[in-house]
Amino acid sequence: MNTKKVCGILGLVVLVAALVALPGVAKAEMYVEAYIGGSWAADSKESNSFTNPGGMGGVVNNSLSGAIDTSVHGGAKLGTWFVKEGFLGYDYPDWMKYLGFYLDISYNKVDFRRARGSSTTTIPGLGATYRNQFFSEGNAITLAFMFAGRYGFLPDSEVPFGRLQPYVAVGPAVLWTQQEPKFSIYAIDPAVNNYTLKQGGASNTTVICLAAEAGVRYMALKNVSVGISFKYRYAEPSFDFTMPENILPYGGKSFKFDPTYHLFSGQFGVAYHF
């Protein structure tokens, strides 16, 4: 992970935390939440290609449908609801108590299972029909900027808005992700050798993605809530690799991997409101 990018994330979090601590914010309905759950994904229509394989010119284009393994998903949120005494002391209209904003940072693995596909070659004079097998180990860190709406049920004197609070949220996100692929290619023609390509290194990329969430919180205490939620993220990252020189026939050539992420997760969280 790029150090400058990590420092940028931490700087943003520190800035928001500093704003929280400013005088006049104490009456705002703010919260910090930690959560953990499970992550899964829809099958990804992957595409990848080798350029100038073995110095023979042309391109080998590979297509396959790959499944992503389930994994643990965890993260934290820092947010506010726009109550009348709200964020930074603004006197918001009463109807804005139904609206809010939060930052959500999370982590999960994105490992592609072994999947078989087909290869189409434009290399002159290469007459074999190829099949392939692909898998990859990866992960993703997401920083989402979420705009939220809520409604309150079961109000009482301690929690006038309502102890039971369903909510929905949507917003843009920055997704830092890496993949380390491994690729096997073999020919139907038995006279043609089979090859296993081990990249031996990971590629990182940063993309803008779409994030959406729906959930429900219950105010167990005046300033402590528990909740469950469901999240979705969509992204189209692209990874570029240079294969090791000692791998033939593709040694020293470029390899491009373009998956599509449809990431889902369900999580349980505990929040402190202040």
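The analysis underlying the following values was restricted to heavy atoms, covering all of them including side chains, and did not include hydrogens, waters or symmetry mates.
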Regarding Q267 and S229, do their side chains bring together a donor and an acceptor under 3.5 Å, going by distance alone? yes
Could I get the full list of side-chain hydrogen bond (donor to acceptor under 3.5 Å, both in side chains) partners for Y167, not counting sequence neighbours? K77, E213
Can you see which heavy atom on Y272 is nearest to which on V224, and at what distance? CD1-CG2, 4.3 Å
For the student: nearest non-hydrogen atoms of R233 and T142, plus distance: NH1-OG1, 2.8 Å
Would you please test F135 and D111 for side-chain contact (heavy atoms from CB on, under 4.5 Å) and show each step? CA-CA 8 Å; F135 66 102; D111 291 345; over 6 Å; no
Report yes if some heavy atom in the side chain of P259 is under 4.5 Å from a heavy atom in the side chain of F239; otherwise report no. yes
Group every Ile, Leu, Val, Met, Phe, Trp and Tyr by side-chain heavy-atom contacts under 4.5 Å, then state whether M219 and F161 land in the same group. no
Once rounded to the nearest 0.5 Å, what's the spacing between atom OG1 of T80 and atom CG of L103? 11.0 Å
Heavy-atom side-chain contact between E33 and R217 under 4.5 Å: yes
Can you find a pair of side-chain heavy atoms, one from Q178 and one from N139, that are under 4.5 Å apart? yes
Apply side-chain contact (heavy atoms from CB on, under 4.5 Å) to residues K231 and S106 and explain how you reach the verdict. CA-CA 11 Å; K231 295 201 293 188; S106 62; 3.9 Å; yes
Closest non-hydrogen atom pair between I208 and V174, with its separation: CD1-CG2, 4.1 Å
So how far is it from L143 CG to C209 SG, rounded to the nearest 0.5 Å? 9.5 Å
Determine, using the 4.5 Å side-chain heavy-atom cutoff (strictly less than), whether L221 and F274 are members of one ILVMFWY cluster. yes
Measuring only between side-chain heavy atoms, which start at C-beta, is L210 closer than 4.5 Å to V170? yes
Are more than 12 heavy atoms, taken from residues, nucleotides or ligands other than I228, located less than 6.0 Å from that residue's CD1 atom? no
Is R163 close to D156 at the side-chain level, that is, under 4.5 Å between some pair of heavy atoms? yes
Output the distance between atom CG (N223) and atom CD (E29), rounded to the nearest 0.5 Å. 11.0 Å
Audit row: W81, L99, side-chain contact (heavy atoms from CB on, under 4.5 Å) steps and yes/no: CA-CA 6 Å; W81 297 106; L99 304 177; 5.7 Å; no
Between the main-chain N or O of V110 and the side-chain N or O of Q179, is there a donor-acceptor pair closer than 3.5 Å? yes
Within-4.5 Å side-chain heavy-atom neighbours: I141 and L175: no
Between H262 and Y234, ring centroids under 6.0 Å: yes
Give me the atom names and distance for the closest heavy-atom approach of G79 to Y102. CA-CB, 3.5 Å
Please give me the minimum heavy-atom distance between G171 and M146, naming the atom from each residue. N-SD, 3.9 Å
Would you say V216 ends up clustered with V159 if hydrophobic residues are merged whenever their side chains have heavy atoms under 4.5 Å apart, either directly or through other cluster members? no
Can you give me the closest heavy-atom contact between Y35 and G269, atom names plus distance? CB-CA, 3.7 Å
Step by step, work out the side-chain contact (heavy atoms from CB on, under 4.5 Å) result for Y261 and V207. CA-CA 11 Å; Y261 287 175; V207 293; over 6 Å; no
State, with a plain yes or no, whether a side-chain heavy atom of I68 is found less than 4.5 Å away from one of W40. no
Give a yes or no on whether the backbone of K97 and the side-chain of R150 come within a donor-acceptor separation of less than 3.5 Å. yes
Does some side-chain heavy atom of L263 sit less than 4.5 Å from a side-chain heavy atom of Y232? no
Excluding V168, membership of its hydrophobic cluster (Ile, Leu, Val, Met, Phe, Trp, Tyr; side-chain heavy atoms within less than 4.5 Å) reads none
Look at the side-chain heavy atoms of Ile, Leu, Val, Met, Phe, Trp and Tyr, link any pair under 4.5 Å apart, and say whether Y98 and F153 land in one connected group. yes
Quick check on F230: does its CZ atom have over 12 non-hydrogen neighbours (other residues, nucleotides or ligands) under 6.0 Å away? yes
May I ask you to decide if F264's main-chain N or O and S39's side chain share a donor-acceptor pair within less than 3.5 Å? yes
Same hydrophobic cluster for Y107 and I36, using side-chain heavy-atom links shorter than 4.5 Å among ILVMFWY? no
